[in-house]
Amino acid sequence: MGQVLGGDSVVTAAGADHVRKRRQLQPAFRHAEISRYVDLMRDQATQTTTDWKPGRVIDVRETMTKMSLDVLAATVFASSLDEQAFQQLQRHLSTVLNGAGSRIMLPDWAERLPLPANRRFNTSRAAVRAIITDAVDGLRASEHNTGDMLSQLLRAEDETTGQPVTAHQVCSEILTLAVAGTETTGSVLSWILHELSRNPETDQRLQTELSDVLEDRPVTFEDLPRLTFLRNVITEALRLHHTGWLVTRRTLTPIRLGHWDIPADTELAYCQHALHRDPTLFPDPLRFDPDRWLDESWKTSLPDGAFLPFGAGKHKCIGDHFAMTEIATALTTITRSWRLTPAPDQKVRPIARATVRPSTLLMTASPRP
Ligand code: HEM
């Protein structure tokens, strides 16, 4: 992962270095900042559906992943780049994302093979770095605060040296956010649209809540806490269709875990997807049931670590609030205008790539009356 992202980003750092990098990134994910991003998120969701027509078949997984990348691009660097650079960066990031999953999984020698996929990946990653470095130089020279995440990152300092973050690290962090925040969010959105299409009653209850709370207004940040059924739908999707199939940790000291004595320096992995389908924790685990989250006493009775949609500990997802806000805003905006029904004879199954995602998800769009 270090080689893919550049080796100096928050996700591959450890110990004090990780703490320092995480603090530099944190201001961009504060509550006040997320609330500013909602308008951009809603605009991107609206734009995603502008060319939908009644009866048109949509590749939902591809469309949702592309929308998540567009949201990220709009919030991270849209204000800092001119239109041409912005579009180039989006295109190259998309190529990097398509190749990142296999790069992370394959041994290092595989990425040195002279294959067209490797050449495309390397060219695009170099282009991403060149465009961001140019933007960093320009922003630093002008001392202009454009209000996006890139601009925020540039104001961060290295705690120990007092020096500003290097352009190389800024590029690595942006690649990290794109890899960590695009396919994950896109997959969860796809699974929710799939579940809504198979559960008409859930779909109807969601529409009733949206009409009651929003009437005819577009959704705003202030509305989100009142959309409680929507929140339970998203939480249930993060349980049943979690995108993580392996999260790893290395032990620093010997530790006893259940019946096992584990020595220091052992590589451990756990699978959220399996954890969230454990029937001893989640009765009838394969049923998509947003109402299970209504029962407060059941929720508080869950043991620590039983439900880990965004991981836990020092490397817990920094984008959890951002992701929940994006998913809620996009779902509200899309489903109020469009109903998606499964294409005939399609068997949707989960496959493990960079994330656990639907194999294919083709759906037919029809306007809501
Ligand atoms: C539904 C969507 C998402 C899910 C399910 C998810 C899940 C996770 C999980 C489980 C981890 C922890 C990995 C570990 O423990 O080692 C993680 C880390 C991370 N996520 Fe997310 N994520 C999502 C969206 C996002 C978004 C939108 C962003 C950024 C815009 C983001 C940025 C990150 C970063 C930077 C890390 C590494 C944090 C660190 O190492 O300190 N994620 N994510």
Side-chain angles (χ1 to χ4, degrees), residues 1-2 4-30 33-34 37-38 40-41 44 64-65 67-77 93 97 100 104 148-150 152-153 169-170 172-192 231 233-250 267-276 305 307-331 354-357:
M1 200 188 277
V4 173
L5 303 174
D8 53 356
S9 92
V10 68
V11 75
T12 48
D17 186 34
H18 172 254
V19 174
R20 203 165 54 235
K21 292 200 158 97
R22 183 118 181 166
R23 283 206 195 121
Q24 290 164 348
L25 219 50
Q26 206 80 52
F29 290 94
R30 275 196 300 245
E33 304 304 329
I34 307 277
Y37 302 148
V38 168
L40 293 169
M41 291 167 173
Q44 291 300 332
M64 292 302 116
T65 306
M67 184 184 71
S68 298
L69 178 62
D70 292 345
V71 166
L72 205 80
T75 47
V76 176
F77 44 71
L93 265 179
L97 288 181
I104 288 168
D148 58 19
M149 272 199 217
L150 179 58
Q152 301 240 12
L153 250 180
Q169 191 196 329
V170 172
S172 304
E173 298 300 10
I174 287 178
L175 282 169
T176 300
L177 296 180
V179 169
T182 301
E183 198 179 297
T184 42
T185 313
S187 293
V188 174
L189 273 164
S190 305
W191 285 119
I192 297 176
R231 193 176 179 85
V233 167
I234 300 172
T235 308
E236 180 65 347
L238 284 167
R239 181 194 69 79
L240 181 56
H241 297 293
H242 198 273
T243 60
W245 59 276
L246 270 190
V247 175
T248 58
R249 287 290 186 274
R250 185 177 302 134
E267 203 78 48
L268 298 170
Y270 76 93
C271 174
Q272 279 141 322
H273 198 77
L275 177 69
H276 291 179
F307 181 56
L308 294 176
F310 295 103
K314 290 182 181 151
H315 282 272
K316 179 173 185 277
C317 182
I318 201 169
D320 52 354
H321 196 30
F322 183 105
M324 290 299 281
T325 307
E326 178 182 337
I327 295 170
T329 307
L331 271 182
T355 60
V356 181
R357 57 170 170 78

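Both counts, for ligands and for their atoms, begin at 1 and track the order of listing.
- Residue His18 touches ligand 1 through its side chain alone, judged by heavy-atom distances below 4.0 Å.
- Between the side chains of Thr176 and Ser9, a donor-acceptor pair is found at a separation under 3.5 Å.
- Side-chain atoms of His276 do not come within 3.5 Å of backbone N or O of Leu240 as any donor-acceptor pair.
- Ligand 1 has at least one atom lying under 4.0 Å from a heavy atom of Gln272.
- The closest donor-acceptor contact from the side chain of Gln44 to the backbone of Val71 lies at 3.5 Å or more, if one exists at all.
- Taking every heavy atom of Arg22 and a limit of under 4.0 angstrom, the matching atoms of ligand 1 come to 38 (C), 39 (C), 41 (O).
- With a 4.0 Å cut-off on non-hydrogen atoms, Thr243 touches ligand 1 through its side chain and not its backbone.
- Polar contact check, Tyr270 against ligand 1: no nitrogen or oxygen pair lies under 3.5 Å apart.
- Near His242, meaning under 4.0 Å from one of its heavy atoms, ligand 1 places the atoms 5 (C).
- Contact analysis puts Arg249 in contact with ligand 1, with a non-hydrogen atom separation below 4.0 angstrom.
- When only non-hydrogen protein atoms are considered, atom 19 (C) of ligand 1 lies nearest to Cys317 CA, 3.6 Å.
- By the 4.5 Å heavy-atom criterion applied to side chains, Gln169 and Gln24 are counted as neighbours.
- Interface of Gly181 with ligand 1, defined as ligand atoms under 4.0 Å from a residue heavy atom, comprises 25 (C), 26 (C), 27 (C), 28 (C).
- The shortest separation from a heavy atom of Glu173 to ligand 1 is not under 4.0 Å, leaving the residue out of contact.
- In Val188, the part holding a heavy atom less than 4.0 Å from any atom of ligand 1 is the side chain.
- The backbone N or O of Val179 lies less than 3.5 Å from no partner atom in the side chain of Thr182, so there is not a single donor-acceptor pair.
- Residue Leu72 touches ligand 1 through its side chain alone, judged by heavy-atom distances below 4.0 Å.
- Defined by atom type and a distance below 3.5 Å, a donor-acceptor pair is missing between the side-chain atoms of Thr243 and Ser187.
- Here Pro309 has backbone heavy atoms under 4.0 Å from ligand 1, and that is the only part of it that gets that close.
- At a heavy-atom cutoff of 4.0 Å, ligand 1 is contacted by both the backbone and the side chain of Phe310.
- For Arg20, the CZ atom sits in a packed shell: over 12 heavy atoms of surrounding residues, nucleotides or ligands are nearer than 6.0 Å.
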